[in-house]
Amino acid sequence: MGDRLVLLATSPRVAPGLLTDEAWALLRSADLVLLPDDDHPLLAPLRAADVGPSLVPAYPVAALAAALLDAARGRTAVWVASADGDPGLADALVAATEYDGAPTVEVVLGSWDLPGAHLLDLVAVMDRLRSPGGCPWDAEQTHESIVEYLVEEAYETVEAIETGDDAALREELGDLLLQVAFHARIAQEHDQPWGIDDVADGIAEKLVRRHPHVFADHDASTPDEVEASWKRLKAQEKGRASVTDGIPVSLPALVLAGKLLRRAADVDAAPVHPGAAAAARLAVAAFGTPPGSAPGAAADREAAYGELLLALATQAHEDGVDAEQALRASLRAYRARIRAAEHLQD
């Protein structure tokens with residue numbers, strides 16, 4: 001069929017030559033295949049497939065549209081789009097085909113991005129920033145010098161979740177992802193280098209290994225069974241002797257407390273403090289919302305505990321006590337009691 005111009009669009013994130021059957025059939029049957037320059041990634045695959053493309057000079061977009069339409073008169077011409085998608089070309093072609101007798105124009109997708117393909121753009125940008133001629137500040141950073149940003153971005157992500165700000169969450173996840181890409185790019189310069197692919201491989205393998213109920217023949221039908229299996233497999237992999245192993249003691253004190261208390265449930269350890277739970281319940285009741293008092297009490301209970309903790313922090317401040325430091329000291333002692341119950345020593 002003549003008088004036909006086909007715009008073949010491909011993804012720059014897919015290896016050159018990995019085209020659909022429809023795209024290859026179109027390229028082989030076309031009367032003329034046109035490329036924008038001799039650096040086009042599809043030039044070599046096309047020549048290897050005995051599809052002899054012709055190169056089009058670098059025209060302004062309106063002139064390029066006219067040249068492509070002229071090339072399609074009386075035949076089928078295929079324009080293999082540039083990696084940038086040829087900005088403005090579609091509009092120029094629409095304007096140029098408004099007269100009678102103009103060739104028909106259609107678009108064929110030869111390849112498209114798979115989910116996650118845009119991560120390659122981040123890797124490329126990070127490599128550019130870190131390479132010679134890139135950003136001087138980025139180039140001089142180390143794992144140690146940017147660790148504060150990793151912590152900051154993690155907390156900003158938590159804040160976006162807690163405030164229900166979906167737009168902020170999307171942005172903060174990007175900032176957090178940048179930290180992963182940054183650290184992985186720095187690691188490429190180590191004496192024993194590793195990079196973003198090693199990071200991705202490691203976590204993918206771990207997820208498969210820790211989910212035998214999905215990827216193997218292990219049975220786990222409830223969330224509790226899945227969690228128990230995860231803990232067991234993790235302990236085996238890490239060679240951990242104590243339930244406290246693997247919990248960073250540098251965590252914020254309340255986060256650390258929650259983790260130690262959850263882990264201690266599997267161990268017959270001494271309580272945090274005799275009567276502490278009863279005292280906390282009485283204090284929360286004093287704020288007007290005893291646990292389980294009414295439907296919706298969970299939210300009220302959380303608010304009451306928040307007020308109680310704030311009151312304790314306020315009193316500690318007035319008494320000249322660093323509440324974070326005090327709680328951390330108590331947690332170190334509690335961790336030691338857990339390990340003692342496991343017959344372990346620090």
Side-chain angles (χ1 to χ4, degrees), residues 1-129 131 133-135 167 170-171 174 177-178 181:
M1 182 176 69
D3 293 319
R4 178 188 179 211
L5 174 62
V6 182
L7 307 181
L8 181 63
T10 60
S11 168
R13 304 175 187 90
V14 175
L18 292 181
L19 304 176
T20 63
D21 289 343
E22 178 188 9
W24 276 117
L26 170 67
L27 289 165
R28 290 191 173 99
S29 64
D31 300 305
L32 184 62
V33 175
L34 302 168
L35 290 180
D37 55 61
D38 57 5
D39 291 329
H40 198 287
L42 273 177
L43 180 59
L46 288 174
R47 286 176 173 170
D50 293 327
V51 176
S54 300
L55 301 181
V56 175
Y59 292 121
V61 67
L64 174 60
L68 294 179
L69 292 171
D70 285 341
R73 294 188 183 283
R75 55 187 172 182
T76 295
V78 177
W79 168 253
V80 183
S82 306
D84 62 1
D86 303 316
L89 179 59
D91 291 338
L93 286 169
V94 169
T97 54
E98 290 180 345
Y99 61 88
D100 293 336
T104 60
V105 179
E106 61 185 90
V107 177
V108 170
L109 293 178
S111 63
W112 52 89
D113 293 340
L114 297 175
H118 288 230
L119 292 174
L120 296 174
D121 295 346
L122 174 59
V123 173
V125 169
M126 195 66 248
D127 183 66
R128 179 73 179 87
L129 291 173
S131 297
C135 174
R170 176 182 176 183
E171 179 181 353
L177 183 59
L178 167 61

Step by step, work out the side-chain contact (heavy atoms from CB on, under 4.5 Å) result for L177 and L119. CA-CA 9 Å; L177 183 59; L119 292 174; 3.5 Å; yes
Testing L89, L32, V6 one by one against W79 for a side chain to side chain contact (heavy atoms under 4.5 Å, CB included), which residue passes? L89
Which distance, rounded to the nearest 0.5 Å, do you find between the CG of L35 and the CG of L8? 9.5 Å
Between the CD atom in E106 and the OG1 atom in T76, the distance rounded to the nearest 0.5 Å is 8.0 Å
Considering all heavy atoms, the nearest A81-A9 contact: CB-CA, 4.3 Å
Using a 3.5 Å distance criterion without hydrogens, assess whether the side chain of T20 forms a donor-acceptor pair with backbone atoms of A23. yes
Within this structure, what is the CG-CG distance for the pair L27 and L42, rounded to the nearest 0.5 Å? 8.0 Å
P36 versus S82, closest heavy-atom pair with distance: CG-OG, 3.3 Å
Residues L19, V14; criterion side-chain contact (heavy atoms from CB on, under 4.5 Å); working and verdict: CA-CA 9 Å; L19 304 176; V14 175; over 6 Å; no
What do you reckon, is CZ of R128 surrounded by more than 12 foreign heavy atoms closer than 6.0 Å? no
Contact summary for Y59 and A67, nearest pair of heavy atoms: CE1-CB, 3.8 Å
Hey, are the side chains of S11 and D113 touching, using non-hydrogen atoms and a 4.5 Å cut-off? yes
Could you pull out the closest heavy-atom pair between D3 and G74, with the gap in Å? OD1-N, 2.7 Å
L55 and H40: CA distance, side-chain angles, deciding distance, side-chain contact (heavy atoms from CB on, under 4.5 Å) verdict: CA-CA 10 Å; L55 301 181; H40 198 287; over 6 Å; no
Could you go step by step and tell me if D70 and R73 meet the side-chain contact (heavy atoms from CB on, under 4.5 Å) rule? CA-CA 6 Å; D70 285 341; R73 294 188 183 283; 3.4 Å; yes
Does a side-chain heavy-atom distance below 4.5 Å link L5 with L93? yes
State, yes or no, whether a side-chain contact exists between L69 and V105 at a heavy-atom distance under 4.5 Å. yes
Between CE on residue M126 and CG on residue L178, distance to nearest 0.5 Å: 6.0 Å
What's the spacing between L34 CG and L7 CG if we round to 0.5 Å? 10.5 Å
Mind listing the closest non-hydrogen atom pair of A96 and A102 along with its distance? O-CB, 4.4 Å
Could you pull out the closest heavy-atom pair between A49 and R28, with the gap in Å? CB-NH2, 4.0 Å
Working to the nearest 0.5 angstrom, can you tell me the gap between L26 CG and D21 CG? 12.5 Å
